Amino acid sequence: LGLPQILAHDQFVGLRFAGELSSYIMLKPDMQPVQEKISICAWVYPKKSGNNPKVINYNTPSHSFEFLMYSNTHYFYMLGRFDITGNTAPVNQWHSQCITWSYATLSAKFYYNGQLLTSMATPSGEKLATGGSIAIGQQHKSTTLEARFAES
């Protein structure tokens with residue numbers, strides 16, 4: 001069917017997305033509590049490179065790429081703006097990645113394996129939009145991810 005598989009392996013339980021357009025999870029959470037600060041983190045095991053596979057993407061009807069994290073970690077989006085990390089994650093190896101953002105500090109930061117790789121300024125007065133959906137495993141039915149996620 002192309003649905004994500006639940007995997008169990010030694011110390012982790014995770015999801016594996018098959019790289020098909022039908023292999024994703026769509027959520028519609030209430031984003032009101034995180035309008036002024038959010039952290040998005042994942043353990044990822046990329047199975048292939050290229051094509052910029054998406055880990056997680058949040059869009060609203062009026063805002064694309066409120067946040068977007070790629071499995072290769074080369075760049076990310078926050079509040080519709082993107083930044084280059086200068087890093088490309090190797091395939092077939094686990095890594096952690098996090099995006100943090102704060103309205104109070106007007107900044108977004110990207111961490112790879114616990115190390116800050118880059119930070120970028122975000123505009124004054126702009127909060128995270130609400131009323132959207134989160135796609136895990138792809139970018140709202142476009143390029144798909146073939147990777148595994150660990151439960152932490």
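Numbers here are sequence positions counted from 1. Just so it is clear, the structure is predicted and the values come from calculations on it, not from any experiment.
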Q: Would a 4.5 Å heavy-atom cut-off, applied to side chains only, mark P46 and N72 as touching?
A: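 With C-beta onward as the side chain, the pair stays apart.
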
Q: Rounded to the nearest 0.5 Å, what separation is found between the OH atom of Y45 and the CH2 atom of W94?
A: 8.0 Å

Q: What pair of heavy atoms forms the shortest contact from H95 to A89, and how long is it?
A: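 In terms of heavy atoms, the two residues are closest at CE1-CB, 3.5 Å.
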
Q: For Y112, is there any backbone N or O sitting under 3.5 Å from a side-chain donor or acceptor partner on Q97?
A: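 It does not hold such a pair.
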
Q: Checking side chain to side chain contact (heavy atoms under 4.5 Å, CB included) for the pair M78/M69: CA distance, chi angles, key distance, verdict?
A: CA-CA 9 Å; M78 189 70 215; M69 184 187 300; over 6 Å; no

Q: Of the non-hydrogen atoms in S119 and D83, which two are nearest, and what is the gap between them?
A: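 Closest approach of S119 to D83, heavy atoms only: O-OD2, 3.5 Å.
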
Q: With sequence neighbours excluded, what pairs up with F67 under the ring-ring contact (aromatic ring centres under 6.0 Å, His included) test?
A: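 In terms of ring-ring contact (aromatic ring centres under 6.0 Å, His included), with neighbours along the sequence ignored, F67 is linked to Y58.
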
Q: How far apart are the closest heavy atoms of G114 and S96, and which atoms are they?
A: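 Heavy-atom minimum between the residues: N-OG, 3.9 Å.
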
Q: So do the side chains of F65 and L79 get within less than 4.5 Å of each other, counting heavy atoms only?
A: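 The answer is no; the side chains never approach within 4.5 Å.
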
Q: Quick check: do I40 and I56 have side-chain heavy atoms less than 4.5 Å from each other?
A: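 Yes, side chains in contact.
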
Q: Run I136 and L27 through side chain to side chain contact (heavy atoms under 4.5 Å, CB included) and show every step you take.
A: CA-CA 8 Å; I136 300 174; L27 306 170; 3.8 Å; yes

Q: Would you say E66's side chain and A129's backbone share a donor-acceptor pair under 3.5 angstrom?
A: yes

Q: Taking the six-membered ring of Y70 as reference, does the NZ or CZ atom of K54 fall below 6.0 Å from its centre and within a 45° cone about the axis?
A: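 Here K54 fails the 6.0 Å and 45° test against Y70.
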
Q: Apart from Y111 itself, what residues make up its hydrophobic cluster when side-chain heavy atoms of I, L, V, M, F, W and Y under 4.5 Å apart count as a link, directly or indirectly?
A: L116

Q: Within a strict 4.5 Å, meaning less than it, do heavy atoms of the I84 and T118 side chains meet?
A: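 I84 vs T118: side chains apart.
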
Q: Could you grab the distance from atom CD of Q115 to atom CZ of F110, nearest 0.5 Å is fine?
A: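 Between atom CD of Q115 and atom CZ of F110 there are 12.5 Å.
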
Q: Looking at side-chain heavy atoms only, is the closest gap between L128 and V34 below 4.5 Å?
A: yes

Q: Distance only, no hydrogens: is a donor on one side chain within 3.5 Å (strictly under) of an acceptor on the other, for S64 and N59?
A: no

Q: List in chain and number order the residues that pass side-chain hydrogen bond (donor to acceptor under 3.5 Å, both in side chains) with T85, two or more places apart in sequence or in another chain; answer none if no residue qualifies.
A: none

Q: Does the pair I134 and M26 meet the rule for a side chain to side chain contact (heavy atoms under 4.5 Å, CB included), with working shown?
A: CA-CA 6 Å; I134 295 175; M26 188 70 70; over 6 Å; no

Q: Is a donor on one side and an acceptor on the other found under 3.5 Å between the side chain of N57 and the backbone of A135?
A: no

Q: How far apart are the closest heavy atoms of T100 and S39, and which atoms are they?
A: CG2-OG, 3.3 Å

Q: Given side chains that start at C-beta, do those of K109 and S102 come closer than 4.5 Å, heavy atoms only?
A: no

Q: Under 4.5 Å between any side-chain heavy atoms of T130 and Q35, yes or no?
A: yes

Q: List in chain and number order the residues that pass side-chain hydrogen bond (donor to acceptor under 3.5 Å, both in side chains) with K37, two or more places apart in sequence or in another chain; answer none if no residue qualifies.
A: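 Listed in chain order: nothing, the list is empty.
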
Q: Could you state the interatomic distance from CZ (F76) to CG (L117), rounded to the nearest 0.5 Å?
A: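 Between atom CZ of F76 and atom CG of L117 there are 9.5 Å.
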
Q: Mind checking what makes side chain to side chain contact (heavy atoms under 4.5 Å, CB included) contact with P33, not counting sequence neighbours?
A: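 Per chain and number, P33 pairs via side chain to side chain contact (heavy atoms under 4.5 Å, CB included) with D30.
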
Q: With sequence neighbours left out, write down each residue that passes side chain to side chain contact (heavy atoms under 4.5 Å, CB included) with P61, or none if nothing qualifies.
A: none

Q: Give me the atom names and distance for the closest heavy-atom approach of P123 to L106.
A: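 Smallest interatomic distance, heavy atoms only, reads O-CD2, 3.7 Å.
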
Q: Ignoring hydrogens and angles, state whether a donor on the side chain of W101 or T122 is under 3.5 Å from an acceptor on the partner side chain.
A: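 There is such a pair between these side chains.
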
